[in-house]
2 protein chains.
Amino acid sequence: MPLESGGSNHASFLDQPNDHGVALKLATWNVNSLKVRLPHVLSWLSTSQCDVLCLQELKLEQAAFPQAEIEAAGYRAAWFGQKTYNGVAILTRLPLEPRDVVCGIPDYPDVQSRVIAATVGDMRVICAYFVNGESVESDKYQYKLAWLAGLHRYIERELQLHDGRVVLLGDFNIAPADLDVYDPAAWQDKVLCSKPERDAFDQLIALGLTDGFRHCHPDTVAYSWWDYRAAMFRRNLGLRIDHILYGHGLRALDAAIDTEPRRWERPSDHAPVWLTLDDQP
Amino acid sequence: MPLESGGSNHASFLDQPNDHGVALKLATWNVNSLKVRLPHVLSWLSTSQCDVLCLQELKLEQAAFPQAEIEAAGYRAAWFGQKTYNGVAILTRLPLEPRDVVCGIPDYPDVQSRVIAATVGDMRVICAYFVNGESVESDKYQYKLAWLAGLHRYIERELQLHDGRVVLLGDFNIAPADLDVYDPAAWQDKVLCSKPERDAFDQLIALGLTDGFRHCHPDTVAYSWWDYRAAMFRRNLGLRIDHILYGHGLRALDAAIDTEPRRWERPSDHAPVWLTLDDQP
DNA sequence: GGAGAAGCGG
DNA sequence: CCGCTTCTCC
């Protein structure tokens, strides 16, 4: 997969360096209700100083998005809401702003609000809340596989359109490898870990995307989600299912999963995952 | 209504004076879920120092009563629980204890846990959560009137059995007079204020009971309940529907409605009502 | 408006 | 376990 250099003639992300030097910090966080988690999000924004934060499971309708609070924190947002379930958003730190916002997967009809894309600086950011699938026996699992195929085609097009300067981030509801699972034997062939799901993940990678966290930490065991039940977080029994994949037109500097917010009062069951990108093409 | 002196040969409430001298302080409080309001109850017990506290709307089943916490506060309790709705309790400050506990109205079959009686010291305490009735057009209103008749017969018997040393207290769901209503015209003939309900209240009084609060404060406008909606408490738009009625064998010293707990975080919609009784027959 | 239930989704 | 919903009751 050669690095495309012909079409790309982009400027830097920002006119002036941010707190990460010339790097851009992106993050993804399934907040499991933005209404409940807004204080966490605002607090985390202020300390993490990330430039782009992608949220999933807003669980609020379009009109209920807390735009004023987000903007008061110095961010702009594009969001795709839905009552009760799903809902995704892209937050960008000023002077960055989401441009050319596209909700949903074009040509893939879906009543659920799972995908939002925007151009930020000169890269395409695609925030997705992947279908969970419930169990491999479930109808929802079939929907998941079909949805994954639809997303694959979408990402393929976006990579072409944006010369590999694409970041796909969100709650993938897929643990790509056994290293990403606290008990691989128990999870073998279970939803989130099944072969077809991992194949779909690998096919995204085969498009020329890199798993940011795994690239930076090839052997590190780290999880981004812990079931609320059975004190799974306290016992660190989790899965790494939230990911940041970046295209061949970009280069990663560092990545991590910030488990601190998972320790806060009334936490989301997910922790934010972040990645810094070098601004030298 | 002459004061019965022949049959009554009772000792004092307590062997030694309590914080109110020789008086006994009784209170009633509809807590609207004891599970949620337990901290309020414990806090109020510690400051009010009342000897007998009757609770309504526990909204918990018999086994879920927080006995340990109540006892740790220095109280004993008898309770009559029910899942979701109703539920009543009598709390007594040690060394007082509830004796001869009777749940429900004997000979008045009712699946709802609305009445509990106990002997405390040498008086009979009857704690009741009266039927609300919903509206005068409702079937529940007919149930209310029938229930009131059943209660009347019960109280009549208890007054005879205990030589007028009876206290009936609880959420009556009846505002006895227009003075007890923030907008009598609007509430005219409405449930809680209708003629048949007020007649039933007056018939209880006619048994030889005295409305403790009204006896001590003949002209005072004071409410014990304010609807959660429309900021009714802030605007002091309420009703006096929680009462302490005492028999002719007892004498009141003072009474009040403590509106402070209604200002606390996540309050009940009712405020505690208290009465002190002289221990000189 | 605030409590509880029951049911869905994760 | 935790969030959402709709429902009932007051």
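Chain A is the first sequence line, chain B the second, and so forth, proteins listed ahead of strands; every chain is numbered from 1.
Between the CD atom of A/Q82 and the P atom of D/dT5 there is a distance of 11 Å, rounded to whole Å. Separating the CZ atom of A/R235 from the P atom of D/dC1 is a distance of 11 Å, rounded to the nearest angstrom. A/L34 has its CG atom 14 Å from the C1' atom of D/dC4, to the nearest Å. Atom NZ in B/K83 sits roughly 16 Å away from atom C1' in D/dC9 (whole-Å rounding). Rounded to whole Å, atom P of D/dC10 lies 11 Å from atom CG of B/L192. For B/Y228 and D/dC10, the OH to C1' distance is 10 Å, given to the nearest whole Å. Atom NZ in B/K190 sits about 18 Å away from atom P in D/dC10, given to the nearest Å. Atom CD in B/E57 sits about 18 Å away from atom P in D/dT8, given to the nearest Å.
Side-chain contact annotation: B/D110 with B/Y143, donor-acceptor N/O pair under 3.5 Å present. B/N32 and B/Y228 form a side-chain donor-acceptor contact under 3.5 Å, judged by distance and modelled atom types alone. Side-chain contact, B/R198 with B/S194: no donor N or O sits under 3.5 Å from an acceptor N or O.
A salt bridge links A/R214 with A/D180: the distance from a Lys NZ or Arg NE/NH1/NH2 to an Asp or Glu carboxylate oxygen falls below 4.0 Å.
Between A/W79 and A/F65, the two ring planes are parallel [angle under 30°; tilted spans 30° to 60°].
For the segment residues 129-139 of chain A, residues with any heavy atom less than 4.0 angstrom from an atom of DNA chain C are, sorted by number, A/Y129, A/N132.
A pairwise comparison of heavy atoms in B/H243 and B/T28 identifies O-CG2, 3.9 Å as the closest pair.
Nucleotides of DNA chain C lying under 4.0 Å from heavy atoms of chain B occupy a range whose first and last members, 5' to 3', are C/dG1 to C/dA6.
Scored by the side-chain contact (heavy atoms from CB on, under 4.5 Å) test, B/R229 finds B/D227 as partners (sequence neighbours excluded).
Here the side chain of B/K140 is nearest to one of D/dG3, D/dC9, D/dC4, namely D/dC9. Candidate nucleotides D/dC9, D/dC1, D/dC10 were compared by shortest atom distance to the side chain of B/Y85, and D/dC9 ranks first.
Take the nearest nucleotide of DNA chain D for A/T84 and for A/A230: the residue whose nucleotide is more 5' is A/A230.
Separation of the A/H270 and A/W29 ring centroids does not fall under the 6.0 Å cut-off.
Just one residue in the list A/F130, A/W225, A/F213 forms a ring-ring contact (aromatic ring centres under 6.0 Å, His included) with A/F172, and that residue is A/F130.
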